[in-house]
Amino acid sequence: MLLYFIVTAILLIAYLTVWMLYFKARSPIKAIAIALLPTFLFLVSGILLRHWLLVAASILFGVGHIYVTMQNQNE
């Protein structure tokens with residue numbers, strides 16, 4: 001459980017940091033990072049907590065979130 005809390009805290013801090021940087025200067029790399037970090041958070045949470053439906057849902061979420069982000073960057 002300690003590993004779960006540490007990884008979750010690190011990913012959440014990274015997510016909030018990237019959002020702050022994104023608001024200062026938008027870029028496609030930051031947009032992709034904003035899409036990837038919650039995906040990693042859900043994926044790691046599912047693996048560490050052994051919730052396999054969460055792992056499957058996080059993969060679907062990640063694919064969809066990255067796809068939408070890429071579509072928005074191309075506009």
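The shown structure was predicted, so the numbers you read here are calculated from the model rather than taken from an experiment.
Looking at every heavy atom in both residues, Ile32 comes nearest to Met70 through CD1-SD, 3.2 Å. In terms of heavy atoms, Ala35 sits closest to Ile66 at CB-CG1, 4.2 Å. In this structure, Tyr4 and Leu49 approach most closely via the heavy-atom pair CE1-CD1, 3.8 Å. When all heavy atoms of Thr8 and Ser45 are compared, the closest pair comes out as OG1-OG, 4.2 Å. Of all the heavy atoms in Gln73 and Ala31, the pair that sits closest is NE2-CB, 3.3 Å. Minimum interatomic distance between Ser58 and Thr39 (heavy atoms only, all atoms of both residues): O-CG2, 3.6 Å.
In the hydrophobic clustering of this structure, Leu3 does not group with Ile10; members are Ile, Leu, Val, Met, Phe, Trp, Tyr whose side-chain heavy atoms approach within less than 4.5 Å, directly or through other members. Note on Leu37 and Leu12: same hydrophobic cluster, where clusters join Ile, Leu, Val, Met, Phe, Trp and Tyr whose side-chain heavy atoms are under 4.5 Å apart, directly or indirectly. Hydrophobic cluster membership differs between Leu41 and Leu43, with clusters built from Ile, Leu, Val, Met, Phe, Trp and Tyr side chains linked at under 4.5 angstrom. Phe61 is not connected to Trp52 by any chain of hydrophobic side-chain contacts under 4.5 Å among Ile, Leu, Val, Met, Phe, Trp and Tyr, and they are in different clusters. Using a 4.5 Å cut-off between side-chain heavy atoms of Ile, Leu, Val, Met, Phe, Trp and Tyr, with links allowed through other members, Ile47 and Phe40 fall into different hydrophobic clusters.
The line from NZ of Lys30 to OG1 of Thr17 is 12.0 Å long, rounded to the nearest 0.5 Å. For the atom pair CD1 (Ile34) and CZ (Arg26), the distance works out to 9.0 Å, reported to the nearest 0.5 Å. Taking CG from Leu36 and CD1 from Ile29, the interatomic distance works out to 11.5 Å, rounded to the nearest 0.5 Å.
With a 6.0 Å radius and a threshold of 12 heavy atoms from other residues, nucleotides or ligands, Tyr22 has its OH atom above the threshold.
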(request) Please test Leu11 against Val7 for side chain to side chain contact (heavy atoms under 4.5 Å, CB included), starting from the C-alpha separation and ending with a verdict. (result) CA-CA 6 Å; Leu11 287 172; Val7 171; 3.9 Å; yes
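Screening Leu53, Val55, Leu54, Leu48 for a side chain to side chain contact (heavy atoms under 4.5 Å, CB included) with His51, the sole residue that qualifies is Leu54.
Lys24 places no side-chain N or O within donor-acceptor distance of the main-chain N or O of Trp19, the cut-off being under 3.5 Å.
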